[in-house]
Amino acid sequence: MSAETDTSTSTDLRRLAEAPGYRAGRTLPLRVEAMRQLRRRRTLLMGGVLAALPFVLIVAFAIGGTPGGEGGGGGGSRINLMDVATESAANFAATCLFVSAGFLLVVPVALFCGDTVASEASWSSLRYLLAAPVPRARLLWSKLVVALGFSLAAMVLLPLVALAAGAVAYGWGPLRLPTGGALATADTVPRLALVVAFVFVSQLVTAGLAFWLSTRTDAPLGAVGGAVGLTIVGNVLDAVTALGSWREFLPAHWQFAWADALQPELEWGGMMKGAAVSVTYALILFALAFRGFSRKDIVS
């Protein structure tokens with residue numbers, strides 16, 4: 001983009017900003033962006049996959065018998081949640097979160113956050129949005145808020161469907177712990193809500209990676225795949241015990257700290273550390289995305 005074009009565009013934007021009725025904060029409303037994303041096929045497909053997972057597990061348990069029948073004797077609650085999956089609807093919902101938190105729930109976050117800006121660039125519609133004109137910061141904020149909203153909705157959808165399906169298949173009751181004892185029925189839903197909240201916060205790193213990559217490339221699959229790939233790398237590094245205490249700086253190290261919420265006495269230590277690590281990385285990545293996009297030459 002030439003200097004002459006830049007000057008002309010800046011002049012036009014200044015004139016429009018002075019025009020009666022123009023408000024930069026009213027451009028690209030969240031409702032409009034949310035409806036655009038909701039109608040997309042990948043959103044409906046992702047919602048269908050997450051809603052189908054509890055039913056797939058119910059069928060698997062019905063065919064395979066008692067879950068966790070082999071090797072269910074050790075490792076603590078993070079491993080043995082599968083052993084009590086069919087005790088109640090709450091147990092089944094917790095098991096669905098356990099089997100999906102490590103990878104499946106990473107995919108919708110990477111998809112919704114990585115397919116935001118890059119998809120507009122791939123369709124050659126990004127420059128027309130900016131010429132509307134939508135300020136760059138406003139465009140990023142609208143897309144980021146909607147993407148995070150859809151990511152949270154995906155994480156809420158899974159346990160809600162699991163609770164409903166589990167109530168029909170296994171009945172309603174307290175959340176029974178694999179180590180013995182149970183949570184009171186009145187405490188079950190609040191504890192599961194806390195688990196979902198922590199899983200969402202822990203996935204903010206993936207959201208930040210995907211969103212930053214989305215502002216750097218015109219290929220949506222590159223942004224989504226890059227975020228998922230780097231998340232997997234983090235999981236692999238966390239498995240390298242030789243790193244010792246350095247692993248505590250990896251978001252993946254804390255991804256199952258929510259298991260502390262499913263204990264008779266609620267433990268906050270691990271979840272607080274994990275949330276602090278995740279939010280710190282996410283803020284840095286979001287800042288890089290906004291800074292880089294504000295200086296980027298938009299040609300698509």
Side-chain angles (χ1 to χ4, degrees), residues 1-40 42-43 46 108-155 200-201 203-224 226-227 278-300:
M1 189 177 293
S2 65
E4 181 180 352
T5 303
D6 281 341
T7 303
S8 176
T9 302
S10 299
T11 301
D12 291 340
L13 290 177
R14 284 195 299 270
R15 288 175 179 172
L16 186 55
E18 297 171 358
Y22 175 75
R23 296 292 184 274
R26 295 180 181 178
T27 57
L28 194 60
L30 294 178
R31 177 180 55 84
V32 173
E33 178 63 17
M35 292 305 299
R36 291 180 65 212
Q37 299 302 324
L38 183 61
R39 293 192 182 102
R40 295 190 58 187
R42 51 89 159 152
T43 304
M46 196 71 252
V109 176
L111 181 64
F112 293 137
C113 294
D115 193 43
T116 51
V117 181
S119 62
E120 298 286 358
S122 68
W123 298 333
S124 298
S125 59
L126 183 57
R127 56 183 174 180
Y128 296 108
L129 275 176
L130 295 175
V134 180
R136 295 192 181 199
R138 173 66 182 180
L139 183 142
L140 288 189
W141 275 119
S142 295
K143 289 189 170 294
L144 179 58
V145 170
V146 171
L148 291 178
F150 274 90
S151 299
L152 179 59
M155 295 181 189
F200 174 72
V201 172
Q203 293 297 338
L204 287 177
V205 177
T206 301
L209 277 170
F211 192 69
W212 174 62
L213 290 173
S214 185
T215 63
R216 304 297 298 175
T217 179
D218 293 351
L221 287 179
V224 175
S278 181
V279 170
T280 299
Y281 281 117
L283 289 177
I284 293 173
L285 289 166
F286 289 144
L288 288 174
F290 275 83
R291 183 176 185 273
F293 190 73
S294 66
R295 304 180 177 187
K296 185 178 181 180
D297 187 12
I298 306 298
V299 295
S300 56

Nearest-0.5 Å distance, [atom1] of residue [X] to [atom2] of residue [Y]:
{"X": "K143", "Y": "Q37", "atom1": "NZ", "atom2": "CD", "answer": "5.5 Å"}
{"X": "T215", "Y": "R136", "atom1": "OG1", "atom2": "CZ", "answer": "11.0 Å"}
{"X": "F293", "Y": "F211", "atom1": "CZ", "atom2": "CZ", "answer": "8.5 Å"}
{"X": "L209", "Y": "F286", "atom1": "CG", "atom2": "CZ", "answer": "9.5 Å"}
{"X": "R216", "Y": "L213", "atom1": "CZ", "atom2": "CG", "answer": "9.5 Å"}

Shortest non-hydrogen separation from [X] to [Y] and the atoms involved:
{"X": "M46", "Y": "L111", "result": "SD-CD2, 4.3 Å"}
{"X": "L285", "Y": "V205", "result": "CD1-O, 3.8 Å"}
{"X": "A147", "Y": "T116", "result": "CB-CG2, 3.8 Å"}
{"X": "D115", "Y": "V224", "result": "N-CG2, 4.2 Å"}
{"X": "V146", "Y": "A34", "result": "CG1-CA, 3.8 Å"}
{"X": "D218", "Y": "A121", "result": "OD1-CB, 3.3 Å"}

For a 4.5 angstrom cut-off between non-hydrogen side-chain atoms, does [X] reach [Y]?
{"X": "L148", "Y": "V109", "result": "no"}
{"X": "W123", "Y": "S119", "result": "yes"}
{"X": "V279", "Y": "L283", "result": "yes"}
{"X": "C113", "Y": "S151", "result": "yes"}

(request) Determine, stepwise, if the pair F290 / L144 fulfils side-chain contact (heavy atoms from CB on, under 4.5 Å). (result) CA-CA 11 Å; F290 275 83; L144 179 58; 4.2 Å; yes

(request) Might you work through the side-chain contact (heavy atoms from CB on, under 4.5 Å) test for T43 and F112, ending with a clear yes or no? (result) CA-CA 8 Å; T43 304; F112 293 137; 3.8 Å; yes

Please confirm whether the backbone N or O of [Y] pairs with a side-chain atom of [X], one donor and one acceptor, at under 3.5 Å?
{"X": "S122", "Y": "A219", "answer": "no"}
{"X": "S214", "Y": "A210", "answer": "no"}
{"X": "S142", "Y": "L139", "answer": "no"}

For atom [atom1] of [X], is the number of surrounding heavy atoms from other residues, nucleotides or ligands below 6.0 Å larger than 12?
{"X": "R36", "atom1": "CZ", "value": "yes"}
{"X": "L221", "atom1": "CG", "value": "no"}
{"X": "R42", "atom1": "CZ", "value": "yes"}

